[in-house]
Amino acid sequence: MQIDQLFEFVYILIDKKQSTAGEMAKRFGVSTRTIYRWIDALSVSGVPVYSLKGRGGGIAISEKYALDKRILSEEERLAIVSSVKAFNKLSGNPASAVNANIKAAEKISGLVASDTDWLEVDFSPWSAEGSEVQRLFGTLRDCILKKRQVSFDYFSGTGKTEHRIVHPWKLIYKGQAWYLQSWCTTRQAERFFKLTRMRNVSMTGRSATITKLSVSQDESSSEDSKYQPSLVTIKARVTNNKISYLLDTFICSEVVPNKDGSITASFSVPDEPWLTDMLLSFGPDLKILSPKSVREKILNLANSVLNVYK
């Protein structure tokens, strides 16, 4: 007899209110005699499990019974409550389901001695398009759970717009953005798609049969997934009125105030084409001290912008 099996046994009874010995035996892959031995063992331990005879009978548990608080530690209960509250912010669920989640969080909150209102996570943007993000998140979540392929138009990093159909695997939040990890039928490889670049997203009627487990390591390790951009360490001087924007944009390993009020900062970032655009957006408030290659790229881009307005 495994403790985890007994725990699951009790949890099922609390959730379903009633079940038969045959149903339980089939679920756990044991005999009905074993199920009745479990009932006896739980009864001796003080868990109010009992059998109902006759038509419509079965195994039941007292409606007043609740799992012992000690099954989960205080830290574990607090983590569960915080996770449920955070997920409600971007659930994409209908109002009834959201209310159910809120009630669940309130019930679990009653088991937590600590303050459960210390953390709030909201993934939706400040703009009015927050509801659109929730809708997209809900659509992709449903496609993953219902195992249906996803159809959408995608704006790639090269500026091209392509129609994609994918087998969705997982929603991932990384680097201040949401991504869909999936198997792309167009590229026949694993791909990550940024949600903000997806348009006309819909669930198709076709089943998503390609899972991450079904794809071999060689197949999933496509050129995109194997690619790791090279990092460049930049040292720059920024004016004090723009240091907050620099800290919001990059993870700075060094921030040193200067006598003139400016700040010298160092940070490592991927050496990608977008980096030059990002740095130039600071205008005259940011001066790259090193490396020379980044300085030259910014100078060339600035001259190109100047030529446009001549």
Side-chain angles (χ1 to χ4, degrees), residues 83 86-87 89-93 121-127 129-232 248-251 267-279 281 294 297 301:
S83 298
F87 184 72
K89 289 291 185 177
L90 195 57
S91 64
N93 284 327
V121 180
D122 191 349
F123 292 111
S124 58
W126 287 102
S127 62
E129 287 74 23
S131 58
E132 177 62 23
V133 174
Q134 291 179 326
R135 186 199 65 78
L136 176 57
F137 185 90
T139 298
L140 294 175
R141 179 209 59 217
D142 290 344
C143 290
I144 294 172
L145 296 179
K146 294 179 181 179
K147 301 186 185 306
R148 292 291 185 270
Q149 294 181 37
V150 187
S151 170
F152 57 91
D153 296 322
Y154 192 71
F155 291 86
S156 67
T158 60
K160 295 181 179 179
T161 304
E162 297 181 329
H163 184 70
R164 301 292 184 94
I165 296 178
V166 304
H167 296 246
W169 292 348
K170 186 184 298 184
L171 283 166
I172 299 174
Y173 187 81
K174 186 175 179 63
Q176 301 180 339
W178 281 103
Y179 295 87
L180 174 66
Q181 182 184 18
S182 60
W183 179 264
C184 178
T185 59
T186 303
R187 297 290 186 264
Q188 286 296 297
E190 175 186 356
R191 287 294 187 271
F192 290 84
F193 297 97
K194 202 170 186 177
L195 265 60
T196 52
R197 298 179 182 180
M198 299 169 67
R199 292 294 185 272
N200 304 318
V201 180
S202 63
M203 180 191 299
T204 72
R206 296 182 291 275
S207 298
T209 56
I210 302 178
T211 66
K212 189 169 179 61
L213 292 177
S214 68
V215 176
S216 69
Q217 187 63 35
D218 290 339
E219 290 176 305
S220 63
S221 297
S222 61
E223 288 304 313
D224 274 9
S225 59
K226 288 190 297 184
Y227 173 67
Q228 294 293 331
S230 59
L231 296 179
V232 58
D248 288 342
T249 307
F250 305 107
I251 304 298
F267 49 93
S268 296
V269 287
D271 191 8
E272 296 285 326
W274 57 263
L275 176 60
T276 308
D277 298 342
M278 180 72 72
L279 295 174
S281 68
V294 175
K297 289 179 182 178
L301 180 58

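FYI, the numbering just counts along the sequence from 1. Keep in mind the model is a prediction, meaning the values are calculated, not measured.
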Applying side chain to side chain donor-acceptor pair (under 3.5 Å), name anything that partners Thr211, two or more places apart in sequence or on another chain.
-> Ser214
Pairing residues for Arg148 by the side chain to side chain donor-acceptor pair (under 3.5 Å) criterion, not counting sequence neighbours = none
Distance in Å, [X] [atom1] paired with [Y] [atom2], rounded so as to fall on 0.5 Å steps:
X: Phe152; Y: Ser182; atom1: CZ; atom2: OG; value: 6.0 Å
X: Ile210; Y: Trp169; atom1: CD1; atom2: CH2; value: 8.0 Å
X: Arg135; Y: Thr139; atom1: CZ; atom2: OG1; value: 4.5 Å
X: Asp153; Y: Asn200; atom1: CG; atom2: CG; value: 4.5 Å
X: Lys297; Y: Leu279; atom1: NZ; atom2: CG; value: 10.0 Å
X: Tyr154; Y: Lys160; atom1: OH; atom2: NZ; value: 14.5 Å

Does Ile251 CD1 have over 12 foreign heavy atoms under 6.0 Å away?
->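 Atom CD1 in Ile251 is not packed in, count stays at 12 or less.
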So which heavy atom on [X] is nearest to which on [Y], and how close?
X: Gln181; Y: Ile172; result: OE1-CD1, 3.6 Å
X: Leu180; Y: Leu195; result: N-CD1, 3.6 Å
X: Pro168; Y: Val150; result: CG-CG2, 3.7 Å
X: Arg191; Y: Cys184; result: CG-CB, 3.9 Å

Residue pair Thr161, Arg199: steps toward the side chain to side chain contact (heavy atoms under 4.5 Å, CB included) verdict = CA-CA 10 Å; Thr161 304; Arg199 292 294 185 272; over 6 Å; no
Kindly indicate, with the supporting measurements, whether the criterion side chain to side chain contact (heavy atoms under 4.5 Å, CB included) is fulfilled by Met198 and Arg164.
-> CA-CA 10 Å; Met198 299 169 67; Arg164 301 292 184 94; over 6 Å; no
Do His163 and Ser151 meet the criterion of a side-chain donor-acceptor pair at a distance under 3.5 Å?
-> yes
Report the C-alpha distance between Met278 and Val269 in whole Å, list the side-chain angles of each, state the deciding distance to 0.1 Å, and finish with yes or no for side chain to side chain contact (heavy atoms under 4.5 Å, CB included).
-> CA-CA 11 Å; Met278 180 72 72; Val269 287; over 6 Å; no
Geometric class of the Phe137/Trp178 ring pair [parallel <30°, tilted 30-60°, perpendicular >60°] =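 Plane angle over 60°, so perpendicular.
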Side-chain donor/acceptor of Gln149 to backbone N/O of Ser207, under 3.5 Å = yes
Is there a donor-acceptor contact under 3.5 Å from the side chain of His167 to the main chain of Ala208?
->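 Checked: no pair found.
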Beyond-backbone contact of Glu162 with Thr186, side-chain heavy atoms, under 4.5 angstrom = no
